[in-house]
Enquirer: 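Dumping the structure here so I can ask a few things about it.
Heads up: numbering here begins at 1 and tracks the sequence.
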Amino acid sequence: ASSARLGWRNFAITAPVAGTITCDTLLSAYDSKLHVFTGSCGSLIPVTANDNIQGPASPSKVAWIATAGETYFVLVTGTSTTGSFRMVGS
């Protein structure tokens with residue numbers, strides 16, 4: 001778990017093989033948003049995003065088809081001023 005404060009937390013994931021990658025914040029203690037990008041600094045390309053998978057002010061979940069060897073950047077943001085999040089990926 002990590003803390004976030006109206007800020008950004010990002011994680012890089014390099015897909016070892018082609019297939020679906022799923023990330024969620026279902027165990028988070030605040031309203032989170034997930035955004036996934038590929039590309040490089042200064043030229044990021046949006047892949048997918050989610051806010052409120054279970055209704056207003058709830059956690060988020062994203063899934064996308066990954067290309068083997070491609071690096072994806074997962075951005076976690078939130079609307080709370082304090083709290084912790086737990087991101088789970090598969």
Enquirer: In the structure I gave you, are the side-chain heavy atoms of Val76 and Cys23 within less than 4.5 Å of one another anywhere?
Expert: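 No; the side chains remain at least 4.5 Å from each other.
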
Enquirer: Any donor-acceptor pair under 3.5 Å linking the side chain of Thr38 with the backbone of Thr71?
Expert: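 Yes; at least one donor-acceptor contact below 3.5 Å.
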
Enquirer: State, yes or no, whether a side-chain contact exists between Val47 and Tyr72 at a heavy-atom distance under 4.5 Å.
Expert: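 When only atoms from C-beta onward are counted, Tyr72 and Val47 do touch, with a gap below 4.5 Å.
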
Enquirer: Taking the side chain from Asn50 and the backbone from Leu34, do they hold a donor-acceptor pair closer than 3.5 Å?
Expert: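 Side chain of Asn50 to backbone of Leu34: no pair is present.
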
Enquirer: Show the nearest heavy-atom pair for residues Ser32 and Pro59, with the distance to one decimal.
Expert: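 Nearest heavy atoms, Ser32 then Pro59: OG-CA, 3.7 Å.
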
Enquirer: Would a distance-only check, ignoring hydrogens and angles, find a side-chain to backbone donor-acceptor pair under 3.5 Å from Thr22 to Ala63?
Expert: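 Judged by distance alone, no pair lies under 3.5 Å.
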
Enquirer: Please report the shortest heavy-atom distance between His35 and Ala49, naming the atom on each side.
Expert: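 Taking every non-hydrogen atom into account, ND1-CB, 3.8 Å.
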
Enquirer: Out of curiosity, Leu44 CG to Phe73 CZ, how far, rounded to the nearest 0.5 Å?
Expert: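 One finds 6.5 Å between CG of Leu44 and CZ of Phe73.
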
Enquirer: To the nearest 0.5 angstrom, please state how far the CD1 atom of Ile21 sits from the OG1 atom of Thr14.
Expert: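 Interatomic distance, Ile21 CD1 to Thr14 OG1, rounded to 0.5 Å: 9.0 Å.
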
Enquirer: Mind checking the OG1-NZ spacing from Thr25 to Lys33? Nearest 0.5 Å is all I need.
Expert: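 That separation rounds to 12.0 Å.
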
Enquirer: Show the nearest heavy-atom pair for residues Ala68 and Ala18, with the distance to one decimal.
Expert: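 Scanning both residues completely, I find the closest heavy atoms to be CB-N, 3.6 Å.
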
Enquirer: Establish whether Val62 and Ile65 are linked, either directly or via other cluster members, by ILVMFWY side-chain heavy-atom contacts under 4.5 Å.
Expert: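 Not linked; separate clusters.
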
Enquirer: Test side-chain contact (heavy atoms from CB on, under 4.5 Å) on Phe37 and Ile45; report intermediate values, then the result.
Expert: CA-CA 5 Å; Phe37 301 91; Ile45 301 163; over 6 Å; no

